[in-house]
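In what follows, a structure is listed as structure tokens, so that the remarks can point back to it.
Being a predicted model, the structure only gives us computed values, none of them experimental. Only heavy atoms go into these numbers, but all of them, side chains included; no hydrogens, no water, no symmetry mates. Lettering of chains follows the sequences in order, A, B, ..., and the numbering in each one begins at 1.
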There are 2 protein chains.
Amino acid sequence: MSDLLERLRGRGWRMTSQRRVVAEVLAGDHVHLTADEVHALAAQRLPEISRATVYNALGELVLLGEVIEVSTDGRAKRYDPNAHHPHQHLVCSHCGTIRDVHPTGSPLADLPAEERFGFTVTQIEVTYRGLCPSCA
Amino acid sequence: MSDLLERLRGRGWRMTSQRRVVAEVLAGDHVHLTADEVHALAAQRLPEISRATVYNALGELVLLGEVIEVSTDGRAKRYDPNAHHPHQHLVCSHCGTIRDVHPTGSPLADLPAEERFGFTVTQIEVTYRGLCPSCA
DNA sequence: ATCCTACGATGGACAGAGTCCAAGTCAACC
DNA sequence: GGTTGACTTGGACTCTGTCCATCGTAGGAT
């Protein structure tokens with residue numbers, strides 16, 4: 001996690017107390033937080049941090065490739081710090097719980113050339129939906 | 001498309017002029033309209049139709065399984081009338097164009113039992129992202 | 001054909017998520 | 001310890017969607 005701070009600083013990311021707190025919140029074990037949840041956790045350590053700053057920092061972390069934006073419902077985006085290990089998501093349709101999963105094989109192989117319409121496909125997102133054990 | 005109206009009426013869907021226009025707008029080309037786009041198109045035929053009515057009708061069509069809700073960005077949901085033919089989506093990261101695609105094989109087979117965490121998986125969404133020919 | 005009535009439509013207020021901006025602050029380099 | 005330009009702030013604003021009280025009407029009953 002201080003790896004993260006190192007990397008960011010090394011890339012010329014100006015280190016402010018606000019950005020540090022946002023990065024630390026994400027690097028904790030709370031996964032898939034919404035921006036407001038990140039803001040709430042950050043505010044526990046830095047009470048006057050503003051929402052705009054959290055949004056800015058999150059957006060920059062996404063651009064830097066340190067965090068992935070996930071939107072599994074049509075509501076708030078979630079921020080996934082597990083950006084350096086490719087994975088997909090398993091979502092409970094009832095309670096919204098999200099788990100990282102690692103399917104074998106590549107879904108790209110399943111898309112025939114004639115179905116690509118000339119696109120250069122660079123990314124594939126797979127969302128598995130169903131009921132988790134508690135909601136079943 | 002009048003198939004759609006038939007089916008809806010047969011299921012006891014009370015047919016109002018507003019609902020008819022919404023259904024007809026969707027039954028047009030296989031595009032992926034947002035609620036506001038549906039509203040705009042519907043309003044060309046029925047100028048005083050309200051946003052709330054369009055949202056209501058779209059929500060009911062989704063519940064009836066006649067239309068699928070798609071959210072490929074974190075922004076407005078899109079409504080996909082191609083609900084009776086399973087398919088996935090190919091999205092241009094630059095201009096947002098969406099195309100229906102039909103991958104071979106099932107990604108479910110790629111999710112090992114130990115990666116399912118006891119979930120009962122009932123639905124899988126795959127989104128292929130990349131650049132379309134015009135944006136490349 | 002007309003009447004009834006429950007279901008649907010309306011539009012304006014409201015809510016949630018996110019963006020923008022002008023003014024103030026401060027991290028990093030000198 | 002200055003200087004300076006990048007960062008932060010908070011409030012206003014946008015966009016998407018929901019809610020609700022009131023009004024209108026589709027379709028069965030007569």
By nearest-nucleotide position on DNA chain C, the 5'-leaning member of S17(B) and S17(A) is S17(B)
Indicate, with a heavy-atom threshold strictly under 4.0 Å, whether [X] touches base, sugar-phosphate, or nothing.
| X | result |
| --- | --- |
| R51(A) | base |
| T53(A) | base |
| A76(A) | sugar-phosphate |

Distance check needed: [N] [atom2] versus [X] [atom1], whole Å only.
| X | N | atom1 | atom2 | answer |
| --- | --- | --- | --- | --- |
| W13(A) | dA28(C) | CH2 | P | 12 Å |
| N56(B) | dC20(D) | CG | P | 13 Å |
| L46(B) | dG8(C) | CG | C1' | 13 Å |
| Q18(A) | dT9(D) | CD | P | 4 Å |

Quick check on [N]: is either OP1 or OP2 less than 4.0 Å from any side-chain nitrogen or oxygen of [X]?
| X | N | result |
| --- | --- | --- |
| R14(B) | dG27(D) | no |
| Y55(A) | dT19(C) | no |
| T16(B) | dA9(C) | yes |
| R75(B) | dA17(C) | no |

Original post:
Under a 4.0 Å N-O cut-off, is there an ion pair linking E69(B) with R78(B)?
Top reply: no
Q) Quick check: are there more than 12 heavy atoms from other residues, nucleotides or ligands sitting under 6.0 Å from CZ of R99(A)? A) no
Against the side chain of M15(B), the closest entry in dG27(D), dG18(C), dG17(D) is dG27(D)
Among dC7(D), dG18(C), dC19(D), the one nearest any side-chain atom of R19(A) is dC7(D)
| Between R19(B) and E60(B), does a salt bridge (Lys or Arg N to Asp or Glu O under 4.0 Å) hold up when you go through it step by step? | CA-CA 10 Å; R19(B) 286 176 169 187; E60(B) 285 151 15; 3.0 Å; yes
- prompt: Is it true that H85(A) and H102(A) have ring centroids separated by less than 6.0 Å?
  reply: no
